[in-house]
Asker: 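Encoded as structure tokens, here's the structure I'll be asking about.
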Amino acid sequence: MQQRNLLIFIVLSIVVFVAWSWLGMLLWPPPPPPQPRLALPDARLRASTPALLAPLPAVSPLANAGYLAAQMATSEWVAGERRLWGKPLARKPLKRDLRWASLPGLLDPSASAFAHAGALATQIGWANWIAGDQRSFVRREPEARIVSIGGDDFNLKVDLTSRGAGVQRLVLPAFRQMQPMEGAEWPDRTYSGLPSDPSRELELIPDTEFGAAHRLFHYADPNAAVATANPLDTLGRLQWEVASVRKEEDQHTVVFTANVPGQDVRITKTYTLAKGTYHLGLTLKFENIGTREVIPFRYQLAGAHGLPIEGVWYTYTYRNALVGLVDASGNFVERNEQQSRTIGIQEGGVDIRGTPERRILYAGVTSQFFTSLIVVDNEQEQGVDPNLFAWARPTVEGIPYYDRVDEKPFLDDITVRVNSYVLELKPGQPIVHKLLLYNGPAKVLLLGQMRGDHSVDPELIQRYKDTLHLNTITDYGSIFLWSDLLIQCTNLMHYLIGFLSLFLPNYGLCIIILTVLVRSALFPLSRKQQAQMAKFQEKMAELAPEIKKLEEKYKDPLELHRAKNQLMIERGVNPMAAMGSCWMMFLQLPIFVGLYFALQESIHFRLAPFLWMKNLAAPDMLIWWGENIPWISRPSDQGWILYLGPYFNLLPICFVALMIIQQKIMTPPPTDEQQAMQQSMMKYMMIFFGILFYKVASGLCTYFIFSSLWGLAERKFLPKKEEKKAPEEIVSKKGAAKKPTAKDDDDGKLSRLKEWVADVVDQASKNPKKQRRRKKK
């Protein structure tokens, strides 16, 4: 009966889920797919371009410029609107329905060739202003100068570009790059979780077509409201002058200078990179070079973008925007986190405002293992208020999800832009802002475990962790006691694994030894719990016939439950004894969760091999079974609960099998249909947990498997219960019958009686009031 009800419940759940999904698609249909963007040049554009440009001279620079301009303009019209600086514009593009068919009406055949070119140029300028395009069509921009700093003996390799004076590319030489995903449906710069060629170093900030990172922009109206303010891209496209390049043995320095077009303001950007550090020093100097007494000026500094998503098919940590705030005394107050999924759907993140009481300390983007942040330097020049930024806002970079084929907002590329307060620039009084561009592991505590040429000074780690509060990138939670406990357990796991790695050649062996250490520390409790469970099962087996009689006697479930409890109490069986395993689970839960976060954060587990596993921070990926299995491995099905990815993973299956065996051994036999149904449900839950844990890191599965094997071994080697003998059968060595002792008593009643009498006598002798009464009498 119970099994039939369970089957009906499962079938109805599936029907309700399918019906709700269908109803949701009917009531809230998905947005139509975006119109595909035309590539340049395109055959459709080439076919109609000559007719439009017929009045132009057949061969001239103007014809060539017009030909290219016409293709560009049509491509922008067909592609539709895009975003300017990540902030949505009003959805009113110029003549959205404008196509090549309507262009001849705009061009007067009697007009001159210059008039035709002017009409096209006007349309191009307006379309590209809406699109926020960075291209110039009439004149060729000069080549940008690339200045490289750092090297193999530094912790960073950086390519700086004169176009916008930004960071074109940044590499971490101490870490390797992953292999890219194989499927054509995956977006660019997504990785499988497998190591690539050892010579390939990790590109934390890749060279992309969307411009360099850490470029400056400025506002035409510095006093405009935040909600309506959009910066000008002039400084971001401008060719800055490379004022100086100085490369010393322990430090490299590059200085860029530029005058703000239309304003009497000169800006100097100075990048410094010291050996042994994971940050670029950035100094911004603003000067009034005009005749005006005061020039108001406000700037925006863009953060890094293009951080790689590692293990895109199994990870649950993509790109997150972080903004950290401190109070006036420098004490950490809050960490605001916004995910790429939310930023993409909202077409931009939420503004985080800075105040003198809650000033912005850092802002940037973090992935699973690494992060890139703009951090306010704690060593500002004298008289400079460290409250530099009025607000920070995450934005989508590149092509947002609604313009892509895959429509996965959690894969959007994002950055964080920080915006200054209005600067009052006076002649002869430059304003200097000092920043740190941190690019390194998200868990700054692990920098202390870096060895060799890439080791980090402990004082610098202390500055990162405590002074600049970069430990809050990972060590942060909203549940006070529980979060603190998990942070401490996670850090303890990092310390233990780091210590074991000094003596063991492989991090997989470190996990096994860690399992032995943890289970050894819990051995007294687990041993006692296993003994209690074994005793409980034995007594329940003895009571099974009597319980069956009670089931025949009582038909009411409530009365049956009371009768069973009464019987168990009379026979000395504690119903709560079966909860011992739950206590063990709760005791190990902080350790499990701490190890889980340690594997999610550890740069040392990343790409660490063990047995057939090539990355302990990823699933074991035993066999590649392809990307064509519906609902299981297709990239288009990512996000669905049954999506398992393109690899067959063995360790989760082994873990689920061990859990089922352990449950069968440790769970007492059911005494009624209700318990049988509960145990059956637990088996189905184990399978469900196996699906949830299918993409868990192989290092964590290794811990689970060896921990389960330890538990089975404890249960296997428990002392077996000896068969009981009647008192008359117990004979002494001399052949005489012995009196039954407390140990020979079936239920230990004699022993408990003696203990109770001794306790009563002891309490009575220690009571002074009773002793005085006895003396008076």
Asker: Treating Ser329 as the side-chain partner and Asn331 as the backbone partner, does any N or O pair qualify as donor plus acceptor under 3.5 Å?
Answerer: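 No, because the side chain of Ser329 does not come within donor-acceptor range (under 3.5 Å) of the backbone of Asn331.
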
Asker: According to ring-ring contact (aromatic ring centres under 6.0 Å, His included), does anything in residues 365-388 pair up with another residue at least two apart or in another chain? List the pairs.
Answerer: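 Found Phe175-Phe370.
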
Asker: Would you say Asn320 and Gln339 are linked by a side-chain donor-acceptor pair, where the criterion is simply a distance under 3.5 Å?
Answerer: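 Asn320 and Gln339 do not have a side-chain donor-acceptor pair below 3.5 Å.
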
Asker: Rounded to the nearest 0.5 Å, what's the gap from OG1 on Thr270 to CG on Leu282? Could you check?
Answerer: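 Nearest 0.5 Å value for the OG1-CG distance: 8.0 Å.
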
Asker: Return a table of donor-acceptor pairs under 3.5 angstrom between the side chains of residues 452-459 and protein atoms on other chains or two or more places apart.
Answerer:
from   : atom 1 : to     : atom 2 : distance (Å)
His454 : ND1    : Asn155 : OD1    : 3.1
Ser455 : OG     : Gly452 : O      : 3.1
Asp457 : OD1    : Glu459 : N      : 3.3

Asker: Atom CG in Leu170, atom CG in Leu437: separation rounded to 0.5 Å?
Answerer: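 So the gap between those two atoms works out to 9.0 Å.
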
Asker: With sequence neighbours left out, which residue pairs that include part of residues 285-304 fulfil the ring-ring contact (aromatic ring centres under 6.0 Å, His included) condition?
Answerer: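 Those involving residues 285-304 are Phe286-Phe297, Phe286-Tyr299, Tyr299-His433.
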
Asker: Is there a donor-acceptor pair closer than 3.5 Å between any side-chain N or O of Thr317 and the backbone N or O of Gln368?
Answerer: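 No.
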
Asker: Is there side-chain contact between Phe217 and Leu235, with heavy atoms separated by less than 4.5 Å?
Answerer: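 Side chain of Phe217 against side chain of Leu235, heavy atoms only: no contact under 4.5 Å found.
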
Asker: For a 4.5 angstrom cut-off between non-hydrogen side-chain atoms, does Thr268 reach Glu287?
Answerer: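 Side chain of Thr268 against side chain of Glu287, heavy atoms only: contact under 4.5 Å found.
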
Asker: Between CG of Leu447 and OG1 of Thr277, what distance do you get to the nearest 0.5 Å?
Answerer: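 Rounded to the nearest 0.5 Å, the CG-OG1 separation comes out at 10.5 Å.
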
Asker: Is it true that the side chains of Asn439 and Ser372 contain a donor and an acceptor less than 3.5 Å apart?
Answerer: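 Ser372 and Asn439 do have a side-chain donor-acceptor pair below 3.5 Å.
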
Asker: Do the side chains of Phe154 and Leu273 get nearer than 4.5 Å, heavy atoms only?
Answerer: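 When only atoms from C-beta onward are counted, Phe154 and Leu273 do touch, with a gap below 4.5 Å.
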
Asker: Considering residues at least two apart in sequence or located in another chain, which fulfil the ring pair (Phe, Tyr, Trp, His ring centres under 6.0 Å) criterion with His279?
Answerer: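 If we apply the ring pair (Phe, Tyr, Trp, His ring centres under 6.0 Å) test to His279, skipping adjacent residues, the hits are Tyr464.
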
Asker: Applying ring pair (Phe, Tyr, Trp, His ring centres under 6.0 Å), can you list everything that pairs with Tyr495, at least two apart in sequence or on another chain?
Answerer: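 Partners of Tyr495 by the ring pair (Phe, Tyr, Trp, His ring centres under 6.0 Å) criterion come out as none, since no residue qualifies.
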
Asker: Check whether any side-chain heavy atom of Leu204 lies under 4.5 Å from a side-chain heavy atom of Val171, and answer yes or no.
Answerer: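 Not touching, per the 4.5 Å side-chain cut-off.
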
Asker: Glu203: which residues meet the salt bridge (Lys or Arg N to Asp or Glu O under 4.0 Å) condition with it, sequence neighbours left out?
Answerer: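 Once residues adjacent in sequence are excluded, the partners of Glu203 under the salt bridge (Lys or Arg N to Asp or Glu O under 4.0 Å) criterion are Arg169, Arg189.
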
Asker: Less than 4.5 Å apart, any side-chain heavy atom of Asp413 and any of Val396?
Answerer: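 Contact flag for Asp413/Val396 side chains = no.
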
Asker: Are any of the side-chain heavy atoms of Tyr271 and Val158 separated by less than 4.5 Å?
Answerer: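 Result no, sub-4.5 Å side-chain heavy-atom pair not found.
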
Asker: Decide, yes or no, whether a salt bridge links Arg359 with Asp385 under the criterion of side-chain N to carboxylate O below 4.0 Å.
Answerer: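 Here Arg359 does not pair with Asp385 in a salt bridge, since their nearest N and O are not under 4.0 Å apart.
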
Asker: If we count only N and O atoms by modelled type, under 3.5 Å, do the side chains of Ser148 and Asp159 hold a donor and an acceptor together?
Answerer: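 Looking only at side-chain atoms, Asp159 and Ser148 do form a donor-acceptor pair, the distance falling under 3.5 Å.
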
Asker: Under the ring-ring contact (aromatic ring centres under 6.0 Å, His included) definition, can you give me all pairs with a residue in residues 337-361, not counting sequence neighbours?
Answerer: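 Passing the test, one end in residues 337-361: no pairs.
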
Asker: In a table with atom names and distances, give each donor-acceptor pair under 3.5 Å that connects a side chain of residues 250-264 to protein atoms at least two apart or in another chain.
Answerer:
from   : atom 1 : to     : atom 2 : distance (Å)
His252 : ND1    : Gly150 : N      : 3.0
His252 : NE2    : Glu248 : O      : 3.4
Thr257 : OG1    : Arg266 : NH2    : 3.4
Asn259 : OD1    : Arg266 : NH1    : 2.9

Asker: How about Lys247: does its NZ atom have over 12 heavy atoms from other parts shown lying under 6.0 Å from it?
Answerer: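 Yes.
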
Asker: Salt bridge (Lys or Arg N to Asp or Glu O under 4.0 Å) with Lys465: which residues, sequence neighbours excluded?
Answerer: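 Lys465 satisfies salt bridge (Lys or Arg N to Asp or Glu O under 4.0 Å) with no residue once adjacent residues are dropped.
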
Asker: Ignoring hydrogens and angles, tell me if any N or O in the side chain of Arg298 forms a donor-acceptor pair with the backbone of Pro222 under 3.5 Å.
Answerer: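 Confirmed, Arg298 side chain pairs with Pro222 backbone.
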
Asker: Go through the structure and list residues passing salt bridge (Lys or Arg N to Asp or Glu O under 4.0 Å) with Glu424, not counting sequence neighbours.
Answerer: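 Scan of Glu424 (salt bridge (Lys or Arg N to Asp or Glu O under 4.0 Å), adjacent residues dropped) gives none.
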
Asker: Test Asn336 against Glu334 for side chain to side chain donor-acceptor pair (under 3.5 Å), laying out the working first.
Answerer: CA-CA 6 Å; Asn336 178 272; Glu334 180 188 353; 4.5 Å; no

Asker: Hey, is the main chain of Gly349 close enough, under 3.5 Å, to the side chain of Arg393 for a donor-acceptor pair?
Answerer: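 Side chain of Arg393 to backbone of Gly349, a donor-acceptor pair under 3.5 Å: yes, one is there.
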
Asker: Show me the pairs that pass ring-ring contact (aromatic ring centres under 6.0 Å, His included) and involve residues 338-358, at least two apart or across chains.
Answerer: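 Checked against ring-ring contact (aromatic ring centres under 6.0 Å, His included) - neighbours excluded - no pair reaches residues 338-358.
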
Asker: When rounded to the nearest 0.5 angstrom, what is the spacing between CG in Leu486 and CZ in Phe597?
Answerer: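 Interatomic distance, Leu486 CG to Phe597 CZ, rounded to 0.5 Å: 6.5 Å.
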
Asker: Measure the spacing between CD1 of Ile374 and NE2 of His214 and express it to the nearest 0.5 Å.
Answerer: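 Ile374 atom CD1 to His214 atom NE2 measures 6.0 Å (nearest 0.5 Å).
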
Asker: Any sub-3.5 Å donor-acceptor pair from Thr415's side-chain atoms to Ala304's backbone N or O?
Answerer: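 At least one qualifying donor-acceptor pair exists.
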
Asker: Between Arg176 and Glu201, is there a side-chain N and carboxylate O pair less than 4.0 Å apart?
Answerer: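 Looking at Glu201 together with Arg176, the answer is no, because their closest N to O distance does not fall below 4.0 Å.
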
Asker: Would you check if Phe210 and Glu397 make a side-chain contact, meaning some heavy-atom pair closer than 4.5 Å?
Answerer: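 No, their side chains stay 4.5 Å or more apart.
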
Asker: Any salt bridge between Arg606 and Glu310, counting N to O under 4.0 Å?
Answerer: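 Judged by the 4.0 Å cut-off on N to carboxylate O distance, Arg606 and Glu310 do form a salt bridge.
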
Asker: Working to the nearest 0.5 Å, report the span between CD1 of Ile295 and CG of Asn288.
Answerer: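 The distance works out to 3.5 Å.
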
Asker: Does a side chain donor of either Asn419 or Tyr219 reach within less than 3.5 Å of an acceptor in the other side chain?
Answerer: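 Yes, Tyr219 and Asn419 have a side-chain donor paired with an acceptor closer than 3.5 Å.
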
Asker: Hydrogens and angles aside, do Thr490 and Gln488 bring a side-chain donor and acceptor to less than 3.5 Å of each other?
Answerer: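 No, Gln488 and Thr490 have no side-chain donor paired with an acceptor closer than 3.5 Å.
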
Asker: Are any side-chain N or O atoms of Ser602 and backbone N or O atoms of Phe605, one a donor and one an acceptor, separated by less than 3.5 Å?
Answerer: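 Indeed, once roles are kept as given, a pair shorter than 3.5 Å links the two residues.
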
Asker: Does the Gln449 side chain pair with the main chain of His494, one donor and one acceptor, at a distance under 3.5 Å?
Answerer: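 Indeed, once roles are kept as given, a pair shorter than 3.5 Å links the two residues.
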
Asker: Does the pair Ile146 and Leu160 meet the rule for a side-chain contact (heavy atoms from CB on, under 4.5 Å), with working shown?
Answerer: CA-CA 6 Å; Ile146 303 298; Leu160 303 174; over 6 Å; no

Asker: Does the side chain of Tyr191 come under 3.5 Å of the side chain of Gln177 through a donor N or O and an acceptor N or O?
Answerer: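 Yes.
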
Asker: Any side-chain to backbone donor/acceptor pair from Gln380 onto Lys434? Under 3.5 Å, distance only.
Answerer: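 Yes; judged by distance alone, with no hydrogens or angles, the pair exists.
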
Asker: Can you find a side-chain donor-acceptor pair between Thr472 and Tyr362 that sits under 3.5 Å?
Answerer: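 There is such a pair between these side chains.
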
Asker: Would Asn471 and Tyr476 count as having a side-chain donor-acceptor pair, cut-off 3.5 Å?
Answerer: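 Their side chains do not contain a donor-acceptor pair, so the 3.5 Å distance test is not met.
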
Asker: Is it true that atom CZ of Arg451 has more than 12 heavy atoms of other residues, nucleotides or ligands lying nearer than 6.0 Å?
Answerer: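 Above 12, so yes.
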
Asker: Within a reach of under 6.0 Å around NZ of Lys275, are more than 12 heavy atoms found that belong to other residues, nucleotides or ligands?
Answerer: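 Yes, the 6.0 Å shell around NZ holds more than 12 heavy atoms from other groups.
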
Asker: State, with a plain yes or no, whether a side-chain heavy atom of Leu202 is found less than 4.5 Å away from one of Pro308.
Answerer: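 The answer is yes, as the side chains (C-beta and beyond) meet within the 4.5 Å cut-off.
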
Asker: Are the side chain of Asp233 and the backbone N or O of Gly236 linked by a donor-acceptor pair below 3.5 Å?
Answerer: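 Not confirmed, Asp233 side chain does not pair with Gly236 backbone.
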
Asker: Would you find a donor on one side and an acceptor on the other, under 3.5 Å apart, between the side chain of Arg358 and the backbone of Val326?
Answerer: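 A pair under 3.5 Å: no.
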
Asker: Can you list the residues that meet the salt bridge (Lys or Arg N to Asp or Glu O under 4.0 Å) rule with Glu357, with sequence neighbours excluded?
Answerer: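 Salt bridge (Lys or Arg N to Asp or Glu O under 4.0 Å) list for Glu357, sorted by chain: empty.
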
Asker: Nearest heavy-atom pair of Tyr278 and Ala174: which atoms, and what distance?
Answerer: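 Reported closest heavy-atom pair: OH-CB, 4.0 Å.
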
Asker: Between Lys443 and Asp475, does any side-chain N to carboxylate O distance fall below 4.0 Å?
Answerer: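 Between Asp475 and Lys443 there is a salt bridge, with a charged N closer than 4.0 Å to a carboxylate O.
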
